[in-house]
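Have a look at the structure below, then the notes.
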2 protein chains.
Amino acid sequence: MELITETSTGYVPLYRQIKRLITDALVTGEWAPGQPIPSEIELAQRFKVSQGTVRKAISELASQKLVVRHQGKGTFVASHLNEPTKFPFLRLSPDKGPLVDVEADLIDFWRIKLDEESAANLSAVAGSTGWLIRRILAPEGVGIIYEEIRLPGQPFDFMEEKTILNHNCMLYSMYEAEFGIRILRVEERVKAVLVEGEIVDRLGLLDGSPLLRVDRVAYTYGDQPVELRRSYCNTSNHHYQNQII
Amino acid sequence: MELITETSTGYVPLYRQIKRLITDALVTGEWAPGQPIPSEIELAQRFKVSQGTVRKAISELASQKLVVRHQGKGTFVASHLNEPTKFPFLRLSPDKGPLVDVEADLIDFWRIKLDEESAANLSAVAGSTGWLIRRILAPEGVGIIYEEIRLPGQPFDFMEEKTILNHNCMLYSMYEAEFGIRILRVEERVKAVLVEGEIVDRLGLLDGSPLLRVDRVAYTYGDQPVELRRSYCNTSNHHYQNQII
DNA sequence: GAGTGGTCTAGACCACTCA
DNA sequence: GAGTGGTCTAGACCACTCA
């Protein structure tokens, strides 16, 4: 992604101002996820700038994956719904061959009080109510990943187990469809750990098996954190994949 | 990065052709790392296209980090030399606070015969000679990472221990300065493992301590793999950091 | 003040999609 | 064939760097 920092003189290029206006419209939901936004020509008329300036604004939005462009068809608000990949940010791959199908099994779903650390990471109030979701992800039917997901009460207050099940445990689709929360990016911290007890049991391992622990914070518009997730991965036959440019 | 795929009709936009010409000049070393390439206006004249078309080509090269643009100064061939960060692709951070200074200690440096797997990953011939470098990375002086690095004989044939030491173990700078090989991107596969013996000893740990194992393939121009690296990281107080957009 | 990259415009034309 | 995004041009002007 290209980065353009604001100058000390306070100069902000026109296309950046336009980008802001379009982003605002995206955030307020003027155009729904998956739906087209107005054409470049229409937006140029609306904002009284040239098509090129609108293009430059939209190009940045596309590189941030806020919108998706399709030549000949239009520009669409990005969405986790109807995506080909069920778990779009999942970085785990089998050592051999591609990741084919991942099954998700809900273990349980509780109301909790957010502890101090979780609350801080979610910019919520410590002790306020939230949710804890526990589940297993099973590529090709084999349980490889155990996950604990913590959500703030706001905006997820009216959630039920069946809300999750209706979406086949595809949480980011669910957040979007049920709560209008679209996950834009995630930050992860990865460690190697030894764990005992239930987690190891659930993954069918023996105590003393090393696990990959991935702590994730997921962000929506305005860089607001809305989900915490701790995943324990059995990396005997899988690996966490990453590319650095 | 924006991706533009070639169409089935074989149509390749002009700016893509220009990009290819500039890339070729970068690969053949027409302009040296750290040095400026000709201005956009000069390149436009040279290739007989508009400045805008050259800009679009250079923008893509900049987003791939093949070149770096500085407003008012020019566009420069990217380089690992004179970079602020000593280990540009290192993803390990302390759990608290920023990564300040990393020390590197060479353990040893041997000629080896490349085993079948390493050779395949380096697109070299199995059994051909190569190098094995072993070292420790120590943030704030504490040994946290043990690394084994494998290099093909070509183009690294004339390498000596002092070559490495002269560059303070900053290998990517060394490859560039001594062999004209610039690392452009790396792919990593991360697992949690248990290791015994020397590696654990070197990191001052007990047998049974879980370690993060990072397998890296480093690529230069033309997506050619030129280095294999296996790193074992003590993640007691550090973590592997990643962002997914 | 000369030279660099960065922005913005208006307009032409192209590739692609869909009815 | 109408409408979309994608490319390309020529030209004006702006922000920034450096002598």
Side-chain angles (χ1 to χ4, degrees), chain A residues 1-22 26 31 34-78 82, chain B residues 1-22 26 31 34-78 82:
Chain A
M1 194 184 70
E2 262 180 294
L3 284 182
I4 299 187
T5 50
E6 247 186 74
T7 61
S8 52
T9 58
Y11 163 74
V12 180
L14 190 50
Y15 78 92
R16 277 302 182 103
Q17 301 173 40
I18 301 303
K19 183 185 171 188
R20 181 56 176 274
L21 292 172
I22 298 174
L26 287 171
W31 312 303
Q35 293 307 111
I37 70 173
S39 75
E40 295 175 355
I41 291 171
E42 280 178 87
L43 290 171
Q45 287 165 351
R46 169 160 159 184
F47 299 129
K48 297 199 179 9
V49 297
S50 78
Q51 188 188 351
T53 300
V54 170
R55 277 193 67 73
K56 194 152 184 174
I58 293 180
S59 290
E60 287 204 356
L61 293 170
S63 77
Q64 289 175 255
K65 303 200 183 167
L66 291 183
V67 298
V68 178
R69 298 205 274 195
H70 291 294
Q71 185 175 5
K73 294 170 73 173
T75 301
F76 299 78
V77 183
N82 313 320
Chain B
M1 195 184 71
E2 263 181 294
L3 284 182
I4 300 186
T5 50
E6 245 186 77
T7 60
S8 51
T9 59
Y11 163 72
V12 179
L14 190 51
Y15 79 92
R16 276 303 180 103
Q17 301 173 39
I18 302 302
K19 183 186 170 190
R20 181 57 178 275
L21 291 172
I22 298 174
L26 287 170
W31 313 301
Q35 294 306 113
I37 70 173
S39 76
E40 295 175 355
I41 291 171
E42 279 178 86
L43 290 172
Q45 288 164 350
R46 169 161 160 182
F47 298 130
K48 297 196 175 17
V49 297
S50 77
Q51 189 188 349
T53 300
V54 170
R55 277 193 67 73
K56 193 151 184 177
I58 293 180
S59 289
E60 287 205 355
L61 293 170
S63 78
Q64 290 175 254
K65 303 200 183 165
L66 292 183
V67 298
V68 178
R69 298 203 275 196
H70 291 295
Q71 186 175 4
K73 293 170 74 174
T75 300
F76 299 78
V77 183
N82 314 318

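Since the structure is predicted, the reported quantities are computational estimates derived from the model, not experimental observations. Throughout, a chain's letter reflects where its sequence line sits, starting with A, and its residues are numbered from 1. Hydrogens, waters and symmetry mates are skipped; everything else that's a heavy atom, side chains included, is used.
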| field | Approximate separation, where rounding is to 0.5 Å, of B:L43 CG and B:R55 CZ | value | 12.0 Å

| query | Is A:K73 near enough to C:dC18 that one of its side-chain N or O atoms lies under 4.0 angstrom from OP1 or OP2? | reply | yes

| Presence of B:R55 side-chain N/O under 4.0 Å of C:dG5 phosphate oxygens OP1/OP2 | no

| Rounded interatomic separation in angstrom, taking CD1 from B:I18 and P from D:dG6 | 20 Å

| query | Does the side chain of B:Q17 reach to within under 4.5 Å of the side chain of B:L14, using non-hydrogen atoms? | reply | yes

| query | Once you round it to whole Å, what is the distance between P of C:dG11 and CD of A:Q51? | reply | 12 Å

| said: OP1 or OP2 of C:dG5 versus the side-chain N and O atoms of B:T75: is any pair under 4.0 Å? | reply: yes

| note | When rounded to whole Å, the CZ to C1' distance for the pair A:F47 and C:dT9 reads 18 Å

| Pair B:F47-B:I22, side-chain contact (heavy atoms from CB on, under 4.5 Å): steps then yes or no | CA-CA 10 Å; B:F47 298 130; B:I22 298 174; 3.9 Å; yes

| query | Is B:R69 near enough to C:dG6 that one of its side-chain N or O atoms lies under 4.0 angstrom from OP1 or OP2? | reply | yes

| Listed nucleotide nearest any side-chain atom of B:T53, set D:dG6, D:dC8, C:dG6 | D:dC8

| note | Testing D:dA10, C:dC8, C:dG5 for proximity to the side chain of B:S50, the answer is D:dA10

| remark: With the side chain defined as heavy atoms from C-beta on, B:Y15 is closest, among D:dC8, C:dT7, D:dT9, to D:dC8

| said: Just the rounded figure in Å: distance from P of C:dG11 to CD of A:Q45. | reply: 13 Å

| request: Tell me which of A:K48 and B:I58 sits closer to the 5' end of DNA chain C, going by the nucleotide each one is nearest to. | output: B:I58

| 5'-most by nearest nucleotide on DNA chain C - A:G52 or A:Q71 | A:G52

| To the nearest Å, how far apart are B:K19 NZ and D:dT7 P? | 12 Å

| Heavy-atom distance under 4.5 Å between the side chains of B:R69 and B:S59, does that happen here? | yes

| query | Just how far, in rounded Å, is P of D:dT9 from CG of B:L43? | reply | 14 Å

| said: If the cut-off is 4.0 Å, is A:K56 near the phosphate of C:dT7, judged by side-chain N/O to OP1 or OP2? | reply: yes

| request: Look at the side chain of B:L14 and decide which nucleotide, out of C:dG6, C:dC8, D:dT9, has an atom nearest to it. | output: D:dT9

| note | NZ of A:K56 to OG1 of A:T53, rounded to nearest 0.5 Å, is 8.5 Å

| field | Base-pairing assignment for C:dG3 (Watson-Crick or G-U wobble, both under 3.5 Å) | value | D:dC16

| field | Length of the line joining B:R16:CZ and C:dC14:C1', which is rounded to integer Å | value | 16 Å

| field | Distance in Å, A:Q51 CD paired with A:I58 CD1, rounded so as to fall on 0.5 Å steps | value | 9.0 Å

| request: Quickly work out the A:I41 CD1 to C:dG11 P distance and round it to whole Å. | output: 12 Å

| request: Determine: side-chain N/O of A:Y11 to OP1/OP2 of D:dA15, distance under 4.0 Å, yes or no. | output: no

